[in-house]
Amino acid sequence: MIAVPGSAGTRRARLAALGYYVPEHRLTNSDLEKLVDTTDDWIVSRTGIRERRIAAPDEATSDLAIKAAEDVLANAGRSAQDIDVLIVPTCTPDHLFPSVAALTADAIGARGAAAFDIQAACSGFIYGLAQAVALVESGLATSVLVVGAELFSRIVNPGDRSTFILFGDAAAGALVVADDDGGPSGFFGFELGADGSKGDQLQIPVGGTRHPASLAFDQADAYLQMNGREVFKFATRVMEESVLRLLERLEMTVDDIDLMVPHQANQRIIDHAIGRLGIPPERVFGNLEHYGNTSAASIPLALAEARDAGVLTSGMRVMMVGFGAGLTWAASLVRYEPT
Ligand code: COA
């Protein structure tokens, strides 16, 4: 894209469309009982997950991102040529480089678009939205597609039952566009953060420059490793705190939230956070039981399914909140304004 700062005028950003793609293959808890030492009862009671989608052997992350991107564009009634920037939040890219975003932009025909990945793990979609809003409201872009795409089934250790059961594969995203109607931004605000001192609580040790995959390594170090209890404690704290900090900054209360769509990682974490915040469960949407944790795809996947279920409707104020590796966290309040 070619951008000229200062031409923004009165433009504001608007969340105009949602879309998603999930692989066909379902891996249920009873399927998992045959693969690892676990039970449906343990998984449901500890996490709320009943099944997850698993990509086909010949599918990589960009294959999921391409289909999700096309779904967003179809829902928006726009063509790929309209896209100025394609951002793919992912921590499971096809390769270290090229980026998933570059491959996706090429495949969907977004030839004039800038394209890049961002890595904030499960907080990535909200981080990506913040970038999209900044690009649009500064006048640098008119139309930004953000597609969270993850393929965690390739990075979980089949020998580690505490993580193997948690994750699934999916891609989902949103289109952020400029409006020149002079109204307030469709995005009320963002609360983003990171605490790298806890980076080792959720990591893949091998494959980067700290330990290149070209050097000898223990197979287990090439898989996701997690201190589940520490991440659980962190998640319950930041889910509550980041929402409260954002509401305070906006001079709003939980009563101003029409719908809450939290990161779909664990039902106990969600229940704990909404209980502390005092948000009634009927104002919270989730689909964790069908997909497990799909990382950067989880929030937009839930948003899109909330729309399909008629739970998310035009004009609603939606609070999104997530957490993930880094450790990172992110919250945002947005008005849903479909085209
Ligand atoms: N099936 C059966 N038993 C299992 C199991 C499984 N899939 N996974 C672990 N266990 C066992 C453990 O081995 C342990 O057994 P022990 O007491 O004999 O040693 C027991 O269950 C309790 O393990 P623990 O790790 O304390 O369980 P937990 O209640 O903390 O639940 C998680 C584990 C992973 C579900 C939970 O810690 C969690 O959800 N953490 C947050 C993870 C998360 O959301 N990560 C994503 C970040 S984006």
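Bear in mind the structure is a predicted one, so any value in this text is a computation, not a measurement. Every number for a ligand or one of its atoms is a count from 1 in the order of the listing.
Closest of all the heavy-atom pairs between A68 and A172 is CB-N, 3.9 Å. Heavy-atom minimum distance, A107 versus I66: CB-CD1, 3.4 Å. Counting all heavy atoms, side chain and backbone alike, L277 lies closest to M239 at CD1-O, 4.4 Å. In terms of heavy-atom proximity, R335 sits nearest to R317 at NH1-CG, 4.1 Å. Scanning both residues, I87 and A132, for their nearest heavy atoms gives CD1-N, 4.2 Å.
Within ligand 1, counting atoms from 1 as listed, the ones closer than 4.0 Å to a heavy atom of V231 are 43 (C), 45 (N), 47 (C). Ligand-side atoms of ligand 1 in range of T38: 1 (N), 2 (C), 6 (C), 7 (N), range being under 4.0 angstrom from any heavy atom. For ligand 1, the atoms closer than 4.0 angstrom to any heavy atom of A265 are 44 (O). Those atoms of ligand 1 with a heavy atom of R268 less than 4.0 angstrom away are 29 (O), 31 (O). For ligand 1, the atoms closer than 4.0 angstrom to any heavy atom of M226 are 42 (C), 43 (C), 45 (N). Residue C122 has at least one heavy-atom neighbour below 4.0 Å for each of these atoms of ligand 1: 48 (S).
In this structure, atom 41 (C) of ligand 1 has protein heavy atoms in its sub-4.0 angstrom surroundings. The presence of a protein heavy atom under 4.0 Å from atom 32 (C) of ligand 1 is ruled out. By the definition of a contact as any protein heavy atom under 4.0 Å away, atom 1 (N) of ligand 1 is in contact. Contact annotation for atom 14 (C) of ligand 1: protein absent (non-hydrogen atoms, distance under 4.0 Å). Inside a 4.0 Å radius of atom 18 (O) of ligand 1 there is not any protein heavy atom.
Looking at ligand 1, you won't find any N or O of T47 less than 3.5 Å from one of its N or O atoms. Among the atoms of H263, none of the N or O lies under 3.5 angstrom from an N or O of ligand 1. Between N293 and ligand 1, a contact under 3.5 Å exists for no N or O pair. In terms of polar-atom proximity, F323 is not counted as a contact of ligand 1, lacking any N or O under 3.5 Å from an N or O of the ligand.
Distances from atom 36 (C) of ligand 1 to the heavy atoms of W329, F232, F164 put F232 nearest. For atom 24 (P) of ligand 1, the nearest non-hydrogen atom from the set R229, Q267, Q264 belongs to R229. With E230, R161, R46 as candidates, the residue nearest to atom 28 (P) of ligand 1 on a non-hydrogen basis is R46.
Nearest protein heavy-atom neighbour of atom 10 (N) of ligand 1: W42 CZ2, 3.4 Å.
Electrostatic pairing of E230 and K233 counts as a salt bridge here, judged by a charged N lying under 4.0 Å from a carboxylate O.
Legend: ring-ring contact (aromatic ring centres under 6.0 Å, His included) pairs involving residues 310-339, not counting sequence neighbours, sorted by first then second residue: H263-F323.
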Please step through side chain to side chain contact (heavy atoms under 4.5 Å, CB included) for the pair F285 and L312, ending with a clear verdict. CA-CA 9 Å; F285 186 84; L312 173 61; over 6 Å; no

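The neighbour count for E282 CD, taken as heavy atoms of other residues, nucleotides or ligands under 6.0 Å away, is above 12.
For the pair Q201 (side chain) and L327 (backbone), a donor-acceptor distance under 3.5 Å is absent. Remark: the backbone N or O of P262 is paired with a side-chain donor or acceptor of Q264 at under 3.5 angstrom. A donor-acceptor pair under 3.5 Å is absent between the side-chain atoms of R12 and the main chain of E137, judged by distance alone. Judged purely by atom type and a 3.5 angstrom limit, E150 uses its side chain to pair as donor or acceptor with the backbone of A296.
For the pairing with Y291, the side-chain hydrogen bond (donor to acceptor under 3.5 Å, both in side chains) check across R50, R26, E305 returns one residue only, E305.
When non-hydrogen atoms are compared, ligand 1 lies under 4.0 Å from the backbone of S162 as well as from its side chain. Within the 4.0 Å heavy-atom criterion, the part of I269 lying near ligand 1 is the side chain and not the backbone. Proximity of N266 to ligand 1, defined as any heavy-atom pair under 4.0 Å, is confined to the side chain (atoms from C-beta onward).
At least one heavy atom of D37 sits closer than 4.0 Å to an atom of ligand 1.
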